[in-house]
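Before any comments, here is the structure.
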Amino acid sequence: MSSAVEFAKANGGRFVDELKDLLRIPSVSTAPEHVEDVRKAAEFVASGLRAAGLEGVRLIETSTEPSAAKQGRKGHPLVYAEWLHAEGKPTVLLYGHYDVQPAEPLDEWKSPPFEPTERDGNIYARGAVDDKGQMWMHVKALESLLKTEGKLPVNVRVIVEGEEEVGGEGIAAFVREHGDQLKADAALVSDTEMFAPELPTLCVGLRGMIYTELEVRGAATDLHSGMYGGAAPNPFVALAQIIAKLKDEDGHVSIPDFYDGIEEPTADELKAWKSLPFDEEHYRKTEVGSTELTGEPEFSVLERTWSRPTMDVHGMPGGFVGAGAKTVIPAKALAKISFRLVPGMKPEATFEKYKKYVESIVPKGVTAEVRMIHSGEPIVVSTDNEFIAAAKAAMGEVFGKETVFVRGGGSIPIVGDFVRELGIPTVMMGFGLPDDNLHAPNEKFHLANFHRGIESIILFLDKVGAA
Ligand code: BES
Ligand code: MN
Ligand code: MN
């Protein structure tokens with residue numbers, strides 16, 4: 001065993017305690033009331049990187065995140081660090097995010113979201129696995145190497161963002177404008193999941209997305225529904241009618257030309273997916289918990305979630321939602337609607353098709369406006385490089401099994417920019433589990449995976465340095 005791995009094992013308890021301190025900071029990037037907490041989390045990460053022995057540690061201000069601009073404040077800062085003394089060795093860019101999704105609904109949590117609690121070998125808290133816990137593995141792997149060997153096997157740059165959960169516009173602008181400051185030979189991202197417990201997994205593709213708001217307006221003001229019901233347009237009914245026309249009963253999106261140009265997975269990829277240990281009934285019962293699965297019947301569940309685009313509605317704010325009853329015809333109605341995109345689809349082009357289609361189906365008496373909140377491109381990474389080989393070997397060694405390749409249905413907007421803007425291969429080595437409840441109540445991180453993750457990252461960096 002390498003001395004760095006021994007160090008990580010001996011200090012594992014402290015690593016978890018530190019992670020708990022980070023998890024106590026409610027760094028919800030979408031919530032204006034948490035701006036200061038988000039910054040506190042950034043400072044915490046910066047201190048952790050300094051203590052680990054990284055150099056040039058600093059916060060980089062961002063300004064482009066649209067909701068930030070609307071609120072008249074700066075974006076959430078990036079955290080940067082480097083260690084560049086491994087002459088002649090490759091440079092690895094380590095990426096993670098310290099922001100988290102909102103914790104609501106709070107009454108569904110068995111222990112409070114920002115009071116990290118250990119139960120059955122798991123740590124429960126918002127951000128435990130997505131992505132504070134996984135980002136902290138990077139920091140602790142670097143610390144373990146630097147404290148035992150006094151150096152790293154490769155050159156390292158670290159970039160940690162605080163706006164991933166709100167679209168990642170700030171880091172995208174930084175990569176576009178100052179890509180030279182992140183110059184590297186490959187990126188390592190730990191923000192994805194393993195396909196099954198104990199099964200080492202590399203994620204090689206992510207869906208892109210456009211996140212939109214659809215606003216429908218009817219009467220000039222809210223109206224008494226008895227006095228005007230029957231004559232005045234109801235924007236919620238109109239909104240429901242529009243939404244009902246976006247997707248048919250078999251899960252096909254009805255927007256004209258929506259599927260144009262989509263790139264199918266290769267035959268090899270599809271074959272590999274078929275051999276993954278996937279039990280649809282088990283998935284339905286334990287992960288989804290519905291009476292049936294829905295979506296395009298001509299595609300498998302893995303295809304439906306990894307390589308097919310979809311539309312989803314996240315919420316419909318507005319009107320009367322308080323306890324009891326209020327007889328009102330609201331003047332306006334809103335829906336938060338997103339589309340997941342797959343390779344071959346462009347966010348802007350998809351948005352234009354959607355907008356045009358909505359405008360063509362607006363019911364009588366109302367107006368509709370669609371707005372883009374944020375977007376990100378889909379990505380499939382190449383697997384034919386020494387960095388993927390090193391990651392496959394490292395993870396396989398730690399878990400004692402052959403590493404599988406999967407795609408993820410989720411989105412990490414900056415990964416597309418690493419590949420397209422920086423032109424570097426990206427390794428997505430994640431340690432989440434299918435039942436970790438990302439974005440949901442009772443998010444957790446399996447502690448054994450936190451420790452095996454640190455070990456895998458140490459081995460990965462060693463292998464990249466030795467090649
Ligand atoms: N870590 C997730 C993305 C993810 C999860 C990828 C599981 C693969 C498997 C990330 O934090 C996330 O949730 N991203 C958002 C992005 C969006 C807000 C732009 C998503 O996918 O909804
Ligand atoms: Mn994440
Ligand atoms: Mn997330």
Side-chain angles (χ1 to χ4, degrees), residues 23 27-31 41 64-67 76 94-103 113 125-138 159-172 188-196 201-213 287 302 305-307 309-315 336-342 347 351 372-381 404-418 426-441 443-445 449 453:
L23 290 168
S27 49
V28 181
S29 49
T30 201
T64 52
E65 199 258 304
S67 67
H76 303 304
L94 304 180
Y95 163 86
H97 64 92
Y98 64 81
D99 65 322
V100 301
Q101 288 268 327
R126 169 58 83 236
V129 70
D130 184 13
D131 180 44
K132 285 172 170 170
Q134 299 211 65
M135 178 269 301
W136 203 240
M137 296 181 320
H138 286 190
I159 191 84
V160 187
E161 71 165 312
E163 297 180 341
E164 195 279 339
E165 300 291 9
V166 289
E169 309 271 353
I171 191 175
L188 176 69
V189 176
S190 298
D191 191 24
T192 53
E193 305 179 320
M194 307 204 312
F195 188 75
T201 305
L202 293 180
C203 178
V204 301
L206 295 169
R207 289 196 286 190
M209 83 175 322
I210 58 173
Y211 197 109
T212 74
E213 281 180 352
E287 287 188 52
L302 297 186
T305 54
W306 292 350
S307 60
T310 59
M311 180 280 286
D312 272 290
V313 181
H314 308 289
K336 307 251 183 196
I337 300 177
S338 81
F339 296 84
R340 296 280 166 177
L341 315 183
V342 300
F351 181 74
M372 181 98 101
I373 304 291
H374 60 67
S375 67
E377 305 225 12
I379 183 77
V380 171
V381 303
V404 298
F405 289 174
V406 305
R407 290 201 203 173
S411 312
I412 309 172
I414 198 59
V415 171
D417 296 295
F418 287 158
T426 297
V427 173
M428 289 185 273
M429 184 161 73
F431 300 88
L433 290 180
D435 66 351
D436 274 349
N437 298 320
L438 280 75
H439 295 199
E443 177 179 349
K444 67 172 175 70
F445 194 5
N449 280 12

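Read the numbers this way: they start at 1 and go in the same order the structure lists the ligands and their atoms. None of the values given here were measured: they were computed from a predicted structure.
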Item checked: Pair H97, D191: side-chain N/O donor-acceptor within cut-off below 3.5 Å -> yes
Next item on the list: Kindly assign one of parallel, tilted or perpendicular to the pair H374 and Y211, based on the angle between their ring planes and the thresholds 30° and 60°.
Entry: tilted
Margin query: Checking T201 against E193 for the side chain to side chain contact (heavy atoms under 4.5 Å, CB included) test, could you report, in this order, the C-alpha distance in whole Å, the side-chain angles of both residues, the deciding distance, and whether it holds?
Written below: CA-CA 7 Å; T201 305; E193 305 179 320; over 6 Å; no
Next item on the list: Enumerate the protein residues lying less than 4.0 Å from ligand 1, judged by heavy-atom distances, in chain and residue-number order.
Entry: H97, D130, E164, E165, G167, D191, T192, L206, M209, R340, H374, G410, S411, I412, P413, L438, H439
Margin query: Checking H76 against D99 for the side chain to side chain contact (heavy atoms under 4.5 Å, CB included) test, could you report, in this order, the C-alpha distance in whole Å, the side-chain angles of both residues, the deciding distance, and whether it holds?
Written below: CA-CA 9 Å; H76 303 304; D99 65 322; 5.8 Å; no
Next item on the list: Would you please test L302 and F195 for side chain to side chain contact (heavy atoms under 4.5 Å, CB included) and show each step?
Entry: CA-CA 11 Å; L302 297 186; F195 188 75; 4.0 Å; yes
Margin query: Go through it in stages, so that I can follow the logic: the residues are V129 and E443, the test is side chain to side chain contact (heavy atoms under 4.5 Å, CB included), and I'd like the CA-CA distance, side-chain angles, deciding distance and then a yes or no.
Written below: CA-CA 7 Å; V129 70; E443 177 179 349; 3.5 Å; yes
Next item on the list: Less than 2.8 Å from the Mn ion (ligand 3) is the window; count the protein N, O or S atoms in it.
Entry: 4
Checklist line | Spacing of E165 atom CD and S411 atom OG [to the nearest 0.5 Å] | finding: 10.5 Å
Check: When R407 is tested against each of V380, T192, L206 for side-chain contact (heavy atoms from CB on, under 4.5 Å), which residue passes?
Finding: V380
Checklist line | CD1 on I412 to CG on D130, rounded to 0.5 Å | finding: 8.0 Å
